[in-house]
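Only one structure is covered here, and it is reproduced in the block below.
Each ligand, and each atom within it, is numbered from 1 in the order the structure gives.
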Amino acid sequence: MNDRTEASERELENREWRESLEHVFRESGAGRVVELLHLLQDQAQALGVGVPFSANTSYTNTISPQEQPLFPGNPEMERRIESMIRWNAMAMVVRANREEVGIGGHISTYASAATLFEVGFNHFFRGPDHPCGGDMVFVQAHAAPGIYARAFLEGRLDELDLANYRRELREGGGLPSYPHPRLMPHFWQVPTASMGLGPILAIYLARFRRYLEDRGLKERNDAKIWSFIGDGETDEPEALGAISLAARESLDNLVFVINCNLQRLDGPVRGNGRIIQELEANFRGVGWNVIKVLWGSDWDSLFDRDREGVLRQRLGELVDGEYQRLAIESGDYIRRKVFGGDVRLEQLAARMSDEELRRLSRGGHDRKKVSAAYQAAMNHKGRPTVILAKTIKGYGMGPAGESMNITHSQKQLSVEDLQRFRARFDLPFSDEDAARMPFFKPAGHSEEMDYLKRQRENLGGSLPLRRTPAAPIIMPDPAFFTEFQKGTGDHAISTTMAFVRLLGRLLREKGVGERIVPIVSDEARTFGMEALFRQCGIYAHGGQLYEPVDSKSLLYYKEARDGQILEEGITEAGAMGSFIAAGTSFANFGVTMVPFFIYYSMFGFQRVGDLIWAGTDMGARGFLMGATAGRTTLAGEGLQHQDGASHLLALPVPTVRAYDPAFAFELEIIIQEGMQRMFVERADCFYYITVMNENYIQPSMPEGAREGILRGMYLFRPSPLPKSENLVHLLGSGAILNEVLAAQELLTGYGVVALVWSVTSYKELRRDALDAERWNRLHPQQKQRVSFLTRCLAGQPGPVVAATDYVTALPDSVARWVEHGWTSLGTDGFGRSDSRASLRDFFEVDRRFIALAALESLAQQGKFPLEMVLTAFKDFGIDADKPDPVTVPGDYWRDRRKK
Ligand SMILES: Cc1ncc(C[n+]2csc(CCOP(=O)(O)OP(=O)(O)O)c2C)c(N)n1
Ligand SMILES: [Mg+2]
């Protein structure tokens, strides 16, 4: 057989198979087609044919024209409304930059996403008054101007708001650049400007909604979370990092809409590949329902005539760099590139003019196609849906930026560009008006405004909108928080154990118990929390489908549909997602919940700091518990585990109250106060508390210490000696406080009066001191305020030595408010694996170094003889030439041995 005959036989065979398949489809439907395909695949495998895995479907729309429901609205009307919004969104950015060069803003993102949003607003997104309680919509941050522009037409924002876009500090206020609930607390629900955080938060919010329903704390309904994401944004690990969880948890209350305009900031997302196919495979691979919306309605007849699938195949071969170009090329170019080189393709395009070819549209700009996809997502049960919508970046901007590599940052349009834009979208004003860039809204009564408002009313009101907060929690009786006030007698426990005990009791407490959300990232046993597994169960939507290996033991691994613990596995980012979901539940889901996320403190502020900032932007409330904190407390764990910085990283986060308590009674009081402030008084803050795994006898609480514990410091132990010149203040925090107490004893031996202060929070002390300082600076003629720190130390002049298990910069942060000299001892440098005692020696924060620092500071002030300091060196066995913990190389000791 020659090649030609072979080829034509193959063609014939292909056709027969194709026709059989079509026959089956017509006669018995899609289900039967799938069944047969599975059968064939199975048979092929049995014959030893390795069927290559592909998670992709062809480069066409998932929903065929036959399956497409009728468009639920008036497309012409919606086009007019959308055009107004497009104009206003663009005008906001251009006007802002004319007034203040460099103020920024984005036109091209919304230009690509306008139809995706408008179809949602007109027909799908349910507002807060809808019986389902309302959807949440995560907006692509750079599309914010479009959302503002719609709110303007809806009458939620006025002209001045729009005129002051990106000028928040102007008189009368303005609009923030991006969605920030903190800056527009009654409008935005979720911050999305840090790429990748939106998608992961959307997943965990959808999951938390389920959790509330499964636990009977919230009515079950079909409200959805819609997350709009950029295709470039999917490069961020967080964006796709949790998609398997969404599928595993069957989150059919979640819809991702990925705006595949094929471009990111610098250029194409995948110039040499196909981002849509890549994303399809990723999402299908983990079990999402994937809907591709690639081509507009004008392609339908082409595909219909493409009996042999040549067009489908050609479209699947072109790469995104080419598609980006096709978006702005002539009809003739499109004819050659897309329909050239194959007679069957050439014939398909033969009836079309160049202009028709040029105008062939992309699915994401076709409201009928978009609406069909959204409807399918609404109807889909059992799995989350992702809609991959193919769009053009800068759609409608023409030569000013459509599909161009510079488009992301284009914000200066010429008069001609504006007039072209006006004409392109048929806006009802003149070219002269266009040059003046009015914010356009039809005057008086208009069909468009009626339509727009009616659609929102039918859907339950405007979005986005942050609801009024849910009812507060019922606080336990004050006596509840007194377990540790008497100390633990001769029983040594760690503050982590004290915390776990308190948490266990809170979970059992009537009223508040059901609102507590313990969150762990595969570290519950590390912190001794395994008893809680049995006590309140691990949340699992599907219940427990197996008999656990430890089922006979008292504390077996219990999973349950109404389980209370969120065991997130090894994902601090995911656990932060749950923390934020629970911590904003009072505003987003109408139920006040009290999350406690307990984790290795090293993997918090430093690892998921950006999520912590996102949480604070959303006004999340709750307790972040940094366990096994400090650089020397977590003996043996070494560099990547020992945390010497988290309290410093907590310093700049405005709403975090950060505490490093040393004793169980301190912890108890801080948690009580935190619950009262956050969940009863609704103070806008959240708590970061570090707890340690070092066991020691927990002392009883000194009388009157409460205020100091909360404000940052209190006198824990006065000196046994009578007051004298030789007085030092020793400040200690966390686990180093015990070293400070021992140093006090050493100093007593030298006749030095050492007062031991427990500093629970440098951050609180600093905030208070800054407050007083600022007030004094601005009111020089009024009675000057005195900070809490100054008041504590007043009347007993003497130098301060502050010792911490964190970096010295932390105590240094309050040093300038102390008059009599300040020395900070901390744990700067890299962690090491060794015992606590060796580590404290190495970092120079043990009792000897503290006592020595105290003697030296007194000697410097002439209150203590220098010779005695030198004696102390000997007494304490301190080598003055010991290596500097900050700079000493890792192999220093091994090298010394070998020399
Ligand atoms: C974490 C993070 N890194 C970088 C940026 C800066 N940035 C803002 S938009 C953008 C490009 C976005 O591209 P894409 O996600 O495709 O959205 P498009 O504008 O194309 O719709 C970049 C890099 C950011 N906002 N957040
Ligand atoms: Mg993009």
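Nearest-heavy-atom check against atom 17 (O) of ligand 1 across Gln140, Met195, His408, Glu236 picks out Gln140. Here atom 9 (S) of ligand 1 lies nearest to His142 when heavy atoms of His142, Glu233, His106 are compared.
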(message) Does Tyr59 form a side chain to side chain contact (heavy atoms under 4.5 Å, CB included) with Arg312? I'd like the steps, not just the answer.
(response) CA-CA 6 Å; Tyr59 202 65; Arg312 285 205 297 274; over 6 Å; no
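Side-chain contact between Pro181 and Gln189: absent, with no pair of heavy atoms (C-beta onward) separated by less than 4.5 Å. The shortest side-chain heavy-atom distance between Met397 and Ser108 falls under the 4.5 Å cut-off.
If you number the atoms of ligand 1 from 1 as listed, the ones under 4.0 Å from a heavy atom of Arg264 come out as 13 (O), 16 (O). Proximity to Gly232 (heavy-atom distance under 4.0 Å) selects the following atoms of ligand 1: 14 (P), 15 (O), 16 (O). Taking every non-hydrogen atom of Asn259 and a distance limit under 4.0 Å, the qualifying atoms of ligand 1 come out as 21 (O).
At a heavy-atom cutoff of 4.0 Å, ligand 1 is contacted by the backbone of Gln263 but not by its side chain. When non-hydrogen atoms are compared, ligand 1 lies under 4.0 Å from the backbone of Asp231 as well as from its side chain. Neither the backbone nor the side chain of Ala143 has a heavy atom within less than 4.0 Å of ligand 1.
Checking Lys393 against Ser403 by side-chain atom types alone, no donor-acceptor pair falls below 3.5 Å. In summary, the side chains of Gln68 and Lys369 do present a donor paired with an acceptor at a separation below 3.5 Å, with no hydrogens or angles considered.
Vertex the Mg ion (ligand 2); arms to Gln263 O and Asn261 OD1; angle rounded to 10 degrees, 90°.
In this structure, CD in Glu168 is found 9.0 Å from CE in Met184, a value given to the nearest 0.5 Å.
When distances from atom 6 (C) of ligand 1 to the protein are checked, no heavy atom turns up under 4.0 Å.
For the pair Lys441 and Phe152, the cation-pi test (distance below 6.0 Å, angle within 45°) is passed. A cation-pi arrangement, defined by a distance under 6.0 Å to the six-membered ring centre and an angle within 45 degrees of its axis, is absent between Arg209 and Tyr204.
The Mg ion (ligand 2) has no N, O or S atom of Asn259 inside 2.8 Å of it.
At a 4.0 Å cut-off, not a single heavy atom of Gly196 sits close enough to ligand 1 to count as contact.
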